[in-house]
Amino acid sequence: MNYWLMKSEPDAFGLDDLAARPDRTEPWDGVRNYQARNMLRDAMRPGDQILFYHSNCTVPGVVGIAEVASDAYPDSTAFDPEAKYFDPKSDPEKPRWYLVEVRYVRHLKRTLSLAELKAHADGALAGFPLVRNGNRLSVMPVTPEQWDFILALESETD
DNA sequence: GCCAACGTTGGC
DNA sequence: GCCAACGTTGGC
């Protein structure tokens with residue numbers, strides 16, 4: 001089993017929105033970055049655990065846990081001229097973009113803010129892409145050690 | 001709203 | 001294949 005972090009803008013689709021979905025599951029469409037695509041398509045498996053991260057908001061940070069709920073399959077929004085993430089270069093016969101379905105697991109007891117995580121950028125979280133400047137990856141791998149460290153912060157008083 | 005980081009595009 | 005221009009992400 002693998003661990004991941006996925007970003008979402010709470011104004012567009014946040015953890016509460018995921019929890020409110022039928023079966024608490026949502027197809028994670030709109031990924032249009034090759035690095036992220038490769039991880040979705042080639043490495044994610046059902047049951048993989050996800051740190052759910054809120055970006056572009058008052059307190060960016062990890063707010064909950066989700067899990068991968070399907071194998072990767074082509075992102076059909078890329079074929080739809082009306083869709084926000086339409087990509088005319090993605091051919092249904094040879095899809096360029098993929099998605100996985102994501103299922104809500106739980107909210108964290110408190111938000112683990114980016115600022116708090118960054119305090120460990122030279123320690124336990126050295127090498128974690130999220131705490132590097134200018135990182136724009138919306139999907140990134142998390143090592144088991146990073147996963148355990150981050151979730152241990154949940155029980156600490158901030 | 002600003003701006004740094006960085007991925008993508010396209011001219012050559 | 002280089003690289004400048006451009007667009008987007010996302011923290012602040």
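Every chain is numbered from 1 and lettered A, B, ... according to where its sequence line falls, protein lines coming before strand lines. When reading the values below, keep in mind they use all heavy atoms of this one structure, side chains included, and skip hydrogens, waters and symmetry mates. Remember, it's a predicted structure, so these values are computed and weren't measured experimentally.
- Neither OP1 nor OP2 of C/dT9 sits under 4.0 Å from any side-chain N or O of A/Lys7.
- DNA chain B is contacted by both A/Arg136 and A/Asn56; A/Asn56 maps to the nucleotide lying nearer its 5′ end (nearest heavy atom per residue).
- Put simply, CG on A/Leu114 is 10 Å from C1' on C/dG10, counting in whole angstrom units.
- For the pair A/Tyr53 and C/dG11, the criterion of a side-chain N or O lying under 4.0 Å from OP1 or OP2 is met.
- Put simply, NZ on A/Lys84 is 11 Å from P on C/dT8, counting in whole angstrom units.
- In this entry the distance linking CG of A/Asp11 with C1' of C/dG11 reads 15 Å, nearest Å.
- The nearest whole Å value for the distance from the CH2 atom in A/Trp97 to the P atom in B/dG7 is 13 Å.
- Here C/dT9 presents its P atom at 12 Å from CZ of A/Arg32, a figure rounded to the nearest Å.
- Ring orientation note: the planes of A/Phe52 and A/Trp28 are nearly perpendicular, at an angle over 60° on the 30°/60° scale.
- Atom CZ of A/Arg132 is separated from atom C1' of C/dT9 by 16 Å (rounded to the nearest Å).
- In the set B/dT8, C/dG11, B/dG7, the nucleotide with an atom closest to the side chain of A/Tyr34 is B/dT8.
- For A/Pro60, whose side chain is taken as the heavy atoms from C-beta onward, the closest listed nucleotide among B/dG7, C/dG11, B/dT8 is C/dG11.
- Using a 4.0 Å heavy-atom criterion, one finds that A/Asn133 contacts the sugar-phosphate atoms exclusively.
- Here the side chain of A/Lys118 is nearest to one of C/dC12, C/dG10, C/dG7, namely C/dC12.
- One atom, CG of A/Asp87, and another, C1' of B/dT8, lie 12 Å apart when rounded to the nearest Å.
- Between A/Arg32 and A/Asp87 there is no salt bridge, since no side-chain N of the basic residue sits under 4.0 Å from a carboxylate O of the acidic one.
- Rounded to whole angstrom, the span from the CG atom of A/Asn135 across to the P atom of C/dC12 amounts to 11 Å.
- Ionic pairing of A/Glu116 and A/Arg110 is present here: one or more N-O contacts between side-chain nitrogen and carboxylate oxygen are shorter than 4.0 angstrom.
- Using a cut-off of 4.0 Å between Lys/Arg side-chain N and Asp/Glu carboxylate O, A/Glu101 and A/Arg24 are scored as not salt-bridged.
- The backbone N or O of A/His107 lies less than 3.5 Å from a partner atom in the side chain of A/Tyr104, making a donor-acceptor pair.
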